[in-house]
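If you read the sequence from its start, that first residue is 1, and numbering goes on from there. Values reported hereafter were calculated over all heavy atoms of this structure, with side chains retained and with hydrogens, waters and symmetry mates removed.
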Amino acid sequence: MGSYGFLLGLAAWIIIVFLRKKGIFIPVISNHFTDFITVPMYARLIEYVMINVLEYQWKPDFKFILSSIVYLSLLFEVVGPMLSERFTGDILDVMAYLAGGMMYYYMKLKCLRSA
């Protein structure tokens, strides 16, 4: 996910939040698509900050992606529901984090190999 992919993901997320606020709820998209794009967007944002703000050459590796999946899953699916009724713990959300993280990692590998 490059800068354009990040911006598309951000635009999709904003549209989904807007639709939710208007009472328009599309089940799979509202429930799991945002979780699917969370890890790729999180990884891309941190990569951008490391390279362009901190001027440190860094690429997310497998351990980073895996730890991000675990961290976000614990934060939003375990801790969040304990603190607020706005959050609900859902194993399908965890699977969406995993699928999005693995897709991002393998797409990055594919890009690195073809470069």
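- Met102 and Ile65 make their closest contact through CE-CG2, 3.9 Å (heavy atoms, listed as atom of the first residue, atom of the second, distance).
- Connection of Ile91 to Val78 is not established within any shared hydrophobic cluster, with ILVMFWY side chains joined at heavy-atom distances below 4.5 Å, either directly or through further cluster members.
- Between Leu8 atom CG and Ile37 atom CD1 the span is 9.5 Å, to the nearest 0.5 Å.
- Side-chain contact between Trp58 and Ile46 is present, with heavy atoms from C-beta onward closer than 4.5 Å.
- In this structure, Gly101 and Pro40 approach most closely via the heavy-atom pair N-CD, 4.3 Å.
- In the hydrophobic clustering of this structure, Phe87 does not group with Val79; members are Ile, Leu, Val, Met, Phe, Trp, Tyr whose side-chain heavy atoms approach within less than 4.5 Å, directly or through other members.
- The two residues Phe6 and Met41 make their nearest non-hydrogen contact at CE1-O, 3.5 Å.
- We find the CD-CE distance between Gln57 and Met50 to be 10.0 Å, quoted to the nearest 0.5 Å.
- Here the closest heavy-atom approach between residue Ile51 and residue Lys59 is recorded as CD1-NZ, 3.9 Å.
- The two residues Asp93 and Thr88 have their closest heavy-atom pair at OD2-O, 4.3 Å.
- In this structure, CG on Leu98 lies 12.0 Å from CG on Leu92, to the nearest 0.5 angstrom.
- Val94 is not connected to Leu83 by any chain of hydrophobic side-chain contacts under 4.5 Å among Ile, Leu, Val, Met, Phe, Trp and Tyr, and they are in different clusters.
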Please output the side-chain donor-acceptor pairs of residues 67-76 that fall under 3.5 Å, not counting sequence neighbours, one pair per line with the distance.
{"from": "Ser67", "atom 1": "OG", "to": "Lys63", "atom 2": "O", "distance (Å)": "3.0"}
{"from": "Ser67", "atom 1": "OG", "to": "Phe64", "atom 2": "O", "distance (Å)": "3.0"}
{"from": "Ser68", "atom 1": "OG", "to": "Phe64", "atom 2": "O", "distance (Å)": "2.7"}
{"from": "Ser73", "atom 1": "OG", "to": "Ile69", "atom 2": "O", "distance (Å)": "2.7"}

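- Of the inter-residue distances, the one linking Asp90 atom CG with Asp35 atom CG reads 8.0 Å to the nearest 0.5 angstrom.
- Of all non-hydrogen atoms in Tyr104 and Glu47, the two that sit nearest each other are OH-OE1, 3.2 Å.
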In a table with atom names and distances, give each donor-acceptor pair under 3.5 Å that connects a side chain of residues 19-26 to protein atoms at least two apart or in another chain.
{"from": "Arg20", "atom 1": "NH2", "to": "Ser30", "atom 2": "O", "distance (Å)": "2.3"}

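- Remark: Ile29 CD1 to Ile15 CD1 distance equals 10.5 Å, nearest 0.5 Å.
- Taken together through direct or relayed side-chain contacts under 4.5 Å among Ile, Leu, Val, Met, Phe, Trp and Tyr, Tyr106 and Tyr42 form part of one hydrophobic cluster.
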